[in-house]
Amino acid sequence: MESQLVLGIETSCDETAAAVVESGRTIRANVIASQIDLHQRFGGVVPEIASRRHVELILPVVDRALQEAGASLDDLFGIAVTQGPGLVGSLLVGISAAKALAFARGLPLVGVNHLEGHICANFLAHPDLDTPLVCLTVSGGHTALVYVPRPGEYEVMGTTRDDAAGEAFDKIARVLGLGYPGGAAIDRLARGRDPGAIPLPRAMAGEGYEFSFSGLKTAALQFLERARREGRKVDIGEFAAAFQEAIVDVLVEKALRAAREKRVSRLVLSGGVAANSRLRERLARQGAALGLDVRWPPLELCTDNGAMIAAAGYFRLKAGERAPLSLNAEPALRL
Ligand code: KG4
Ligand code: ZN
């Protein structure tokens, strides 16, 4: 029987990842080498450092994925690689490796949109998941509401005009001295605290499907600065809860309204911020009240990984799609 194994390669940001997925549904190996330790002291991803580290890691990571899957390159049906969006220098490392391997072994190659990968993580995690659905992708690099009428078809309803949701969490966490990335730390500090004690803005709530988080970030920074000037001590837990709630309020309101407008009964989450406990709790509760089936992937499939790229690529390869060896990185690739 023809092989159904696809090697997926993902290097769009600071994760060097490779995975082997069977028939677009079964993960045989999912190897992720995080570079977070390298970037931590800079408080964010340094593109030059990220690309150099990807160069060092990409072949060992691919080798390990094949080894864990008990497969060799010759067992593959094809190779899928993230083409964009992302950091150009980082994307190029994965693309060059994928092209070299595909050319050397005469394997079909396909480029995958990183956001399509995030959405497909849900099909990987939930084999019974059906379309139509609405997906809210929220990570350090992206905030997007996407309508998926059927597999492989996407209508972007809205993205962020400025900061991504995760980026907003990270920037405030940094100011609070919580380290990078700080979304999970804010989530932890906010647990059980009153989210309504500090008033913060909800930009663009109730209108359209675009997001904007830079105003919230400025308001939060000004609140901290004023307290410092006036010698007032800020309760960090209370502040974290208020800040988190301001982001979650907008995400929940728009996601639920999008699902209603598209008349879908399924809403899925993806991206690193999908790990946020308040976002999950509110979407599950308010979604259930509206009769929505709300789901998200396990954490290792929420954050950047190669399996989601392999899954998305499998269906494209099956449909006969092939990328030429001139395939190039597209840092601003649209869905
Ligand atoms: O998907 P991801 O690994 O990277 C990108 O593709 O950007 O997402 C990382 C982001 C970071 O901004 C991090 O602060 C955020 O996800 N994050 C969280 C939580 N866990 C991770 N944000 C809020 N609450 C969390 N529990
Ligand atoms: Zn991502």
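Counting from 1, the numbers follow the sequence of the chain as shown. Indexing begins at 1, ligand by ligand and atom by atom, following the structure's order. Please read all numbers here as calculations on a predicted model, not as lab measurements.
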With rounding to the nearest 0.5 Å, note down the distance linking NZ in K254 to CG in D249. 12.0 Å
Distance to 0.1 Å, residue and atom name: give those for the protein heavy atom nearest to [atom].
{"atom": "atom 26 (N) of ligand 1", "answer": "D187 OD2, 2.9 Å"}
{"atom": "atom 17 (N) of ligand 1", "answer": "G272 O, 3.6 Å"}
{"atom": "atom 15 (C) of ligand 1", "answer": "V273 CG2, 3.9 Å"}
{"atom": "atom 22 (N) of ligand 1", "answer": "G183 CA, 3.4 Å"}

Ligand 1 versus N276, non-hydrogen atoms closer than 4.0 Å: side chain, backbone, both, neither? both
Just by distance, with hydrogens left out, do [X] and [Y] show a side-chain donor and acceptor under 3.5 Å apart?
{"X": "Y209", "Y": "E261", "answer": "yes"}
{"X": "E210", "Y": "S212", "answer": "no"}
{"X": "D163", "Y": "S214", "answer": "no"}
{"X": "D14", "Y": "H54", "answer": "no"}
{"X": "D75", "Y": "S3", "answer": "no"}

Element-labelled atoms of ligand 1 that are located less than 4.0 Å from some non-hydrogen atom of D170: 11 (C), 12 (O), 13 (C), 14 (O)
Report, in ascending order of atom number, the atoms of ligand 1 lying under 4.0 Å from any heavy atom of G166. 12 (O)
Short N or O distance, [X] and ligand 1, threshold 3.5 Å exclusive:
{"X": "F169", "value": "no"}
{"X": "G140", "value": "yes"}
{"X": "D304", "value": "yes"}

Angle at the Zn ion (ligand 2), NE2 of H118 to NE2 of H114, rounded to 10 degrees, please. 90°
Atom of D304 nearest the Zn ion (ligand 2) (restricted to N/O/S, atom name only): OD1
T11 (side chain) donor-acceptor with G94 (main chain) under 3.5 angstrom: yes
I'd like to know if the side chain of T131 and the backbone of L133 have a donor-acceptor N/O pair within less than 3.5 Å. no
